[in-house]
Amino acid sequence: MNKKEFTAALRKSLAVLGEKELQDIVNEYEQHIDMKMAEGLTEAEAIEDFGDFQELISEILEAYQVDADTETESPRTEESAGEQFIGGIRNTGAGLIGIIGNAAGWLIRSAKGLALWLWEILKMIGAWLSRALKWLWRQIRRPFVWLFARSRERDGEGETAAPEGPEQVGAEEGGCDGRPARGPSADTAYAEQPGETGYEALTGEPAGRGRSAGSAGRPEKREARASGAGFWRKLTGGIAAVVRGCVSICLSVIRWCWNAGCAGASLLIGIVGMFFLFALGMLAVLLLNGYPLAGLTICCLGAAVCLFALAAFALTLIWRKKQVNPNVPAPADSACVRAEGRSAERPYAPEIPVSAGETAWLAERSRAMGDPVPAGETARSADRSYEQGGPVPAGGTVRSAERPYAPEKEPRSAAGEKEAERHA
Amino acid sequence: MNAQFKKGVLELIVLESVRQKDMYGYELVEEVSKVVDVNEGTIYPLLKRLTNEKYFETYLRESTEGPPRKYYHLTVAGILYREQLEAEWVEFSERVGRFLEERKGE
């Protein structure tokens with residue numbers, strides 16, 4: 001067998017392969033024969049070195065994963081075999097793409113449903129946690145709120161109400177911002193029974209005859225009471241400030257630690273994700289070059305996506321501080337509003353405050369001028385009248401700060417005028 | 001040498017030969033023939049199969065002695081496959097050798 005016959009037999013036997021592949025194989029064997037001949041062998045000797053021709057054909061077809069027996073027994077034309085091969089690949093590919101598409105669609109739908117379900121559950125858990133935390137916060141805050149309220153009451157009692165008596169608190173006690181309180185004061189709001197002042201309700205001591213509110217007007221008692229109230233006020237204020245500071249510092253430290261942990265974890269996960277992304281790129285290039293790395297590439301892709309998602313999730317866990325908008329009014333349950341004893345919904349409308357000192361002075365002047373004690377006079381004047389042996393007017397101890405004093409218009413004597421000037 | 005032995009070890013010899021340096025077909029056949037007496041015709045189908053399985057990649061290089069030659073280069077997958085074959089071969093030969101030694105002792 002010479003070289004031409006060998007190549008012709010080779011082409012005939014390997015007709016199932018594509019033209020390009022066949023030409024490649026023929027070229028290889030021709031080159032081999034040429035080199036053997038260059039070494040001094042003849043064509044026949046060079047071809048004999050390939051061994052048995054049928055075995056050679058079988059091995060070549062095996063290398064292309066073609067069944068040598070069936071293909072050699074029923075050789076087909078090159079084009080039809082190639083077309084069938086390509087068609088088979090196309091059909092298989094289309095089938096695979098269809099299956100993959102369906103599976104992907106189902107997976108996406110399932111993932112979407114699962115994500116929505118998880119989101120709902122998370123929202124429920126979040127709402128429940130929020131409620132629980134709010135309740136816990138209220139429980140924690142309750143003693144402090146009571147403490148602050150008590151301190152504020154003492155402030156009002158010691159600074160403004162003490163000289164004139166607790167009944168003046170309603171008129172004198174202002175809001176947290178120094179504005180006068182509107183409506184019934186915190187003290188009067190505590191009064192549960194008619195005839196009992198807010199002071200009585202709060203302290204449990206009678207404001208009437210035994211220890212009248214007006215009796216606090218005495219200089220020595222006033223000073224003693226003012227100093228005691230100041231001490232307690234300072235003490236409670238200091239404790240409250242310390243507790244508030246400690247809580248604030250603890251919260252800040254916890255917040256910073258938490259945020260640092262979240263940011264650090266997110267950064268680390270992100271770095272690992274970047275590494276996987278880099279590996280994914282490299283593997284994709286190798287995959288395109290024909291290396292069997294599809295599984296590893298998909299794994300890297302999944303890992304990268306998961307890690308980036310995890311990093312983003314860690315970022316969402318960062319504890320942000322609430323921004324306070326100055327244009328938004330204070331919430332309804334603010335301690336300041338509650339201490340004022342008025343509703344937060346009720347807008348603030350400044351009124352002309354009823355001055356307790358003025359009322360007291362007017363009552364005093366009225367008495368000096370021999371006027372009858374009018375209904376609605378202050379408790380102080382009523383008490384003073386009681387101490388001096390005078391009659392206690394009806395409503396002397398229960399007086400609303402909102403009930404203004406209306407002196408009777410009667411001519412005043414010269415002595416009364418003098419007394420008024422002296423008092424002034 | 002037994003043909004079955006040769007057939008089993010031929011892949012490893014070819015892979016190892018190409019790992020050292022890129023070779024063309026005839027050069028590779030000569031290299032393998034130094035180790036085992038192999039039918040030259042069987043090397044080409046083997047090279048083709050290994051190329052189809054992405055263990056080799058080929059490129060053409062001009063030659064002064066004739067037409068351009070097709071050179072074979074070992075890929076990363078080929079290197080991994082070679083290492084796997086080597087490990088298997090070492091284990092296999094050790095077991096067989098141990099077995100034979102034990103039999104000799106008896």
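Letters A, B, ... are given to chains in the order of the sequence lines, protein chains preceding strands, and every chain is numbered from 1.
- Glu30(B) touches chain A through its side chain: at least one heavy atom from C-beta onward sits under 4.5 Å away, while N, CA, C and O do not.
- Relative orientation of the Phe50(A) and Tyr44(B) rings is perpendicular, given thresholds of 30° and 60° on the angle between their planes.
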Determine, stepwise, if the pair Met35(A) / Arg69(B) fulfils side-chain contact (heavy atoms from CB on, under 4.5 Å).
-> CA-CA 12 Å; Met35(A) 287 188 170; Arg69(B) 289 169 181 167; 3.2 Å; yes

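- Around OH of Tyr59(B), the count of heavy atoms belonging to other residues, nucleotides or ligands within 6.0 Å exceeds 12.
- Summarising the geometry of Thr42(B) relative to Leu56(A), their closest heavy-atom pair is N-CD1, 4.3 Å, with the distance given to 0.1 Å.
- Contacts between Phe53(A) and chain B at a heavy-atom distance below 4.5 Å are absent for every atom of the residue.
- For Val29(B), the part sitting under 4.5 Å from any heavy atom of chain A is the side chain, from C-beta outward, and nothing else.
- Looking at Tyr24(B), only its side chain comes within 4.5 Å of chain A, counting heavy atoms on both sides.
- A salt bridge (Lys or Arg N to Asp or Glu O under 4.0 Å) check over residues 42-57 of chain A, counting only residues at least two apart or in different chains, returns the pairs Lys36(A)-Asp49(A).
- Other residues, nucleotides and ligands contribute at most 12 non-hydrogen atoms within 6.0 Å of the CH2 atom of Trp258(A).
- To the nearest 0.5 Å, the span separating CG on Asp24(A) from OG1 on Thr51(B) amounts to 8.5 Å.
- You'll find the side chain of Glu21(A) reaches within 4.5 Å of the side chain of Lys48(B), heavy atoms only.
- Counting only heavy atoms from C-beta outward, the side chains of Glu28(A) and Leu47(B) never approach each other to under 4.5 Å.
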